[in-house]
Amino acid sequence: MTDLLPIRRQVVVPGTPAAAFEVFTIEIGLWWPLADHSVYGEGGSVGFQDGRLVERGPDGGEAVWGTVLSWVHEQHVRLTWHPGSDPAKASEVEVRFDAISDGQTLVTLEHRGWERFADPAAARAEYDQGWPQVLRAYAGSAKEDQPTDDGPIWLALMHTGGPALPVGEPVFSQPDFGEHVAFLRRMRERGVLVAAGSLDRRVTGMAVLRVPDPADAAEYVQLAQEDDLSVVRGLLQVRVQPWHVALEG
């Protein structure tokens with residue numbers, strides 16, 4: 001595609017949206033992997049201060065990573081993104097926090113604005129590798145509460161065209177679409193697939209999963225991103241959304 005799509009990464013963490021929000025923002029200095037993803041490396045610190053995300057090096061140096069654009073407790077934080085570089089060329093990062101069950105939160109990170117980089121494709125590819133590592137560190141720091149729901153979790157997997165889909169082409173004619181079908185069959189074999197299909201008969205589609213054990217929600221969100229090779233290879237993008245079902249037939 002001509003325009004580079006945002007990176008979207010999702011993870012399920014234990015706790016309420018309020019707790020997940022505070023771990024990501026107030027406690028960011030406790031879990032961010034500075035050794036691999038920072039300006040100064042290991043030995044420094046990072047935290048939000050006066051509306052900015054700031055890293056401090058072990059020698060006292062300071063690098064601004066971004067400026068907060070929106071901060072709604074329990075819901076989302078959005079900020080410019082330019083770790084140690086020119087703020088005039090900043091991209092944008094947004095993180096949302098949605099309850100997926102009692103005691104679990106779906107965290108969605110989106111990184112957009114690649115046109116501001118000198119080499120947009122290279123920048124996107126680099127962050128596409130880095131954000132999963134950052135979110136793994138974040139998820140590992142979350143409080144180990146057990147979900148209190150005793151019913152199933154419903155997940156809607158919303159699929160749209162990815163960066164590898166040629167402009168104007170239907171997704172069905174692409175070689176990697178078979179990988180998407182194979183993923184859906186694996187979900188059916190696990191007994192969680194309710195239905196799947198196209199919404200426009202060209203690119204956009206949806207699959208609905210019914211996960212009997214709420215404790216397995218994190219696994220299925222991860223599988224939607226990493227087990228579906230059509231998503232891994234960029235033919236499709238996926239957004240997992242909790243579906244709070246009130247009535248069944």
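For the pair Arg190 (side chain) and Val211 (backbone), a donor-acceptor distance under 3.5 Å is absent. Remark: side-chain polar atoms of Ser230 are not paired, donor with acceptor, to backbone N or O of Glu179 under 3.5 angstrom. Thr105 places a side-chain N or O within donor-acceptor distance of the main-chain N or O of Thr16, the cut-off being under 3.5 Å. Between the side chain of Glu55 and the backbone N or O of Tyr40, at least one donor-acceptor pair lies under 3.5 Å. Here the side chain of Gln129 pairs no donor or acceptor atom with the backbone of Ala125 at under 3.5 angstrom. With hydrogens and angles ignored, the 3.5 Å screen pairs no side-chain donor or acceptor of Gln241 with any backbone N or O of Met158.
Salt-bridge check for Arg116 with Glu92: failed, with every basic side-chain N at 4.0 Å or more from each acidic carboxylate O. A salt bridge links Arg112 to Glu94: at least one charged side-chain nitrogen sits closer than 4.0 Å to a carboxylate oxygen.
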Worksheet item: Given the rule in the side-chain contact (heavy atoms from CB on, under 4.5 Å) test, do Tyr127 and Ser91 qualify, once you have shown the distances and angles that lead to the verdict?
Response: CA-CA 12 Å; Tyr127 275 107; Ser91 53; 5.6 Å; no
Practice prompt. May I have the step-by-step check of side-chain contact (heavy atoms from CB on, under 4.5 Å) for Arg9 and Asp128, ending in yes or no?
Written response: CA-CA 9 Å; Arg9 293 289 176 179; Asp128 200 31; 3.0 Å; yes
Discussion item. Between Asp228 and Val238, is the side-chain contact (heavy atoms from CB on, under 4.5 Å) condition met? List the steps.
Written reply: CA-CA 10 Å; Asp228 186 342; Val238 62; over 6 Å; no
Practice prompt. Kindly determine whether His180 and Leu235 satisfy side-chain contact (heavy atoms from CB on, under 4.5 Å), including the steps that lead there.
Written response: CA-CA 9 Å; His180 181 58; Leu235 177 65; over 6 Å; no
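In this view, Ser70 and His76 satisfy the side-chain hydrogen bond (donor to acceptor under 3.5 Å, both in side chains) rule, not counting sequence neighbours. Judged as a ring-ring contact (aromatic ring centres under 6.0 Å, His included), and not counting sequence neighbours, the contacts of Phe117 are Trp114.
Residue Gln237 holds its CD atom at 5.0 Å from CG of Leu5, rounded to the nearest 0.5 Å. In this structure, Arg186 CZ and Glu189 CD are separated by 8.5 Å, a value rounded to the nearest 0.5 Å. In this structure, His244 NE2 and Ile153 CD1 are separated by 8.5 Å, a value rounded to the nearest 0.5 Å. If you take CZ on Arg78 and CG on Leu69, they are separated by 4.5 Å, rounding to the nearest 0.5 Å. How far NE2 of His73 is from CD of Gln75: 10.5 Å, rounded to the nearest 0.5 Å. Atom CG of Leu155 is separated from atom CD1 of Ile100 by 5.0 Å, given to the nearest 0.5 angstrom.
Side-chain contact between Val23 and Ser141 is present, with at least one heavy-atom pair separated by less than 4.5 Å. Counting heavy atoms from C-beta outward, Val134 and Pro33 have side chains that approach closer than 4.5 Å. Using a 4.5 Å heavy-atom threshold, the side chains of Arg8 and Gln225 count as separate. Under the 4.5 Å side-chain criterion, counting only non-hydrogen atoms from C-beta, Val208 is in contact with Trp154. Looking at heavy atoms from C-beta onward, Leu209 lies out of side-chain contact with Val240 at the 4.5 angstrom threshold. In this structure the side chain of Pro120 never reaches within 4.5 angstrom of the side chain of Glu115, judged on heavy atoms.
Under a hydrophobic-cluster definition in which Ile, Leu, Val, Met, Phe, Trp and Tyr are linked whenever side-chain heavy atoms come within less than 4.5 Å, directly or via other members, Val181 and Tyr220 are assigned to the same cluster. Residues Phe97 and Leu135 share a single hydrophobic cluster, defined by chaining ILVMFWY side chains whose heavy atoms lie under 4.5 Å apart. Tracing side-chain contacts under 4.5 Å through hydrophobic residues (I, L, V, M, F, W, Y), one never reaches Val107 starting from Leu30; they form parts of separate clusters. No continuous path of hydrophobic side-chain contacts links Val232 to Leu223 [ILVMFWY only; heavy atoms under 4.5 Å]. Under the 4.5 Å side-chain heavy-atom criterion for Ile, Leu, Val, Met, Phe, Trp and Tyr, Val54 and Trp81 are members of distinct hydrophobic clusters.
Remark: Asp119 CG is packed, more than 12 non-hydrogen atoms of other residues, nucleotides or ligands lying under 6.0 Å away. Remark: Glu126 CD is loosely packed, at most 12 non-hydrogen atoms of other residues, nucleotides or ligands lying under 6.0 Å away. In the displayed structure, Glu248 atom CD is contacted under 6.0 Å by more than 12 heavy atoms of other residues, nucleotides or ligands. Counting heavy-atom neighbours within 6.0 Å of Arg201 CZ, excluding the residue itself, gives a total of 12 or less.
Between the side chains of Arg56 and Gln49, at least one donor N or O lies within less than 3.5 Å of an accepting N or O. A side-chain donor from one of Trp131 and His111 sits under 3.5 Å from a side-chain acceptor of the other.
Closest approach of Pro212 and Val192 over heavy atoms only: CD-CG1, 4.1 Å. Val13 approaches Ala20 most closely through the heavy-atom pair CG2-CB, 3.8 Å. Minimum interatomic distance between Leu165 and Val171 (heavy atoms only, all atoms of both residues): CD1-CA, 4.1 Å. Listed here is the closest heavy atom pair of Pro242 and Leu106: CD-CD2, 3.6 Å. Counting all heavy atoms, side chain and backbone alike, Gly161 lies closest to Val203 at N-CG1, 3.2 Å. The shortest non-hydrogen separation linking Ala196 to Leu184 is CB-CD1, 3.9 Å.
Among the candidates Trp32, Trp71, Phe48, Tyr138, the single residue satisfying the ring-ring contact (aromatic ring centres under 6.0 Å, His included) test with Phe24 is Tyr138.
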